[in-house]
Amino acid sequence: MQALVEKITQCNTLKDLEAVRIEIFGKKGVLAQEFAKMKSVPNEEKKAFAQELNRQKSQLTSLFDEKLEVLSKEAKEQTMREEAVDVTLYSPLKVSGALHPVNETMNRMIDYFVSMNFTIEDGPFIEDDFHNFEALNLPVYHPARDMQDTFFLNDGHLLRTHTSPVQIRTMLSQKPPIRMIAPGSVFRRDFDLTHTPMFHQIEGLVVEEGDGVSFSHLKFILEDFLRTMFGDVAVRFRPSFFPFTEPSTEVDISCIFCEGTGCRVCSHTGWLEILGAGMVDSNVFKAVGYENVSGYAFGLGIERIAMLLHQIPDLRSMFEGDLRLLEQFR
Ligand code: PHE
């Protein structure tokens, strides 16, 4: 008996105690074996034998329970000590996300046009020839249809090469007056310092019944937009050509790096080319069944603006997901 008591009291871990429990209280343990001896005890001694055995059993049981409680408590305290977290410690690893410079720039543009009462329209990335080219007065022989620029799919569809097909979709599904922008991804087969196969554009279209929309409306909105984006810059309209606008213009701002005196970014011209625009060509209105309307349209690349605003030299770096670049925009 004394040996069993010592076995229990000398346990230092829950694991040891569990082993002792099996040894003493288990199915084939010491106590079970003692009780088994009852059979061979003469009848008149059975009662005393059993009483003594039960006394010992309850003594051992309460000793065991006490020990179990002590060791459990110790084990718990040790885990608490080991897993303790000092919530007041300074953590230099606090990381928060940030908008990608393309999204941030796009949001600024959207904010401007929404404040000017433009609606936001959307269209599919996978387009057909009609919406991407035909209805935009891009005849079959136009070089923009060349395999060099367009990703064609096997079934005759293609990845939209600009956001202009959203003009067509919006005019086909709505009636004038229309005052919309369409921001989104576009795709072209091109890859170098200033071109990636996927980039973003924002398209604008304003159409009203009658001949009320004039080039001066276009000029006002673009000048106001560019000064909102770039601050106090000079804005220049150059004659240009797009199949879907007539007359067409390309719009430049005075270089924001050298203020027009000439530097590497503006190729020493003093000007930065920013967007394309013009009065909607009558052939486009014909393609969507509009009569007796007038309107203007414009389109620009978002990455180019983001690169200028954040002085990012290589367009490709925008889409590499390198945290060293992205973390700078937090
Ligand atoms: N879609 C033209 C492009 O991708 C941009 C543009 C849009 C020009 C609308 C004029 C009017 O370059």
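Just follow the structure's listing: the first ligand is 1, and inside any ligand the first atom is 1.
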A.B. asks: Ion pair present between Glu23 and Lys7, side-chain N to carboxylate O less than 4.0 angstrom?
C.D. replies: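 Looking at Glu23 and Lys7, the cut-off is met.
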A.B. asks: Looking at Phe125, does the NZ or CZ of Arg160 lie under 6.0 angstrom from its six-membered ring centre and within 45 degrees of the ring axis?
C.D. replies: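 Relative to the ring axis of Phe125, which defines the angle, Arg160 lies outside at least one limit.
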A.B. asks: Select the closest option to atom 1 (N) of ligand 1 among Ser164, Ser240, Gly299, Ser248, judged by heavy-atom distance.
C.D. replies: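 Nearest heavy atom to atom 1 (N) of ligand 1 lies in Ser164.
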A.B. asks: Suppose I only count heavy atoms of Gln201 and a 4.0 Å limit; which atoms of ligand 1 are within that range?
C.D. replies: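 Heavy-atom distances to Gln201 below 4.0 Å select 3 (C), 4 (O).
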A.B. asks: Between Phe244 and ligand 1, which residue portion shows a heavy-atom distance shorter than 4.0 Å: side chain, backbone, both, or neither?
C.D. replies: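 For Phe244, only side-chain atoms sit under 4.0 Å from ligand 1.
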A.B. asks: Is it true that Ala277 lies under 4.0 Å from ligand 1, counting heavy atoms only?
C.D. replies: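 Yes; Ala277 lies near enough to ligand 1 that a heavy-atom distance drops under 4.0 Å.
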A.B. asks: How is the hydrophobic cluster of Phe49 composed, in terms of its other members, when Ile, Leu, Val, Met, Phe, Trp and Tyr link through side-chain heavy atoms under 4.5 Å apart, directly or indirectly?
C.D. replies: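 Phe35, Met38, Val41, Leu53, all in the cluster of Phe49.
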A.B. asks: Check for a donor-acceptor pair, side chain of Arg316 on one end and backbone N or O of Phe191 on the other, with a separation under 3.5 Å.
C.D. replies: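 Here the side-chain-to-backbone pair does not exist.
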A.B. asks: Does any N/O atom on Thr245 come nearer than 3.5 Å to any N/O atom on ligand 1?
C.D. replies: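 Thr245 vs ligand 1: no N/O contact under 3.5 Å.
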A.B. asks: Please confirm whether His162 comes within less than 3.5 Å of ligand 1 when only nitrogen or oxygen atoms on both sides are compared.
C.D. replies: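 Right, the criterion is met.
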A.B. asks: Below the 3.5 angstrom mark, is there an N/O of Glu203, backbone or side chain, next to an N/O of ligand 1?
C.D. replies: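 Among all N and O atoms of Glu203, none is under 3.5 Å from an N or O of ligand 1.
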A.B. asks: Using distance alone, decide if ligand 1 has a nitrogen or oxygen within less than 3.5 Å of any nitrogen or oxygen in Arg188.
C.D. replies: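 Between Arg188 and ligand 1 (N or O atoms, distance only) the closest approach is under 3.5 Å.
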A.B. asks: Determine whether the side chains of Glu74 and Gln78 contain a donor N or O and an acceptor N or O closer than 3.5 Å.
C.D. replies: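 Absent: no donor and acceptor within the cut-off.
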A.B. asks: Working to the nearest 0.5 angstrom, can you tell me the gap between Glu127 CD and Ser164 OG?
C.D. replies: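 Going from the CD atom of Glu127 to the OG atom of Ser164 covers 10.5 Å.
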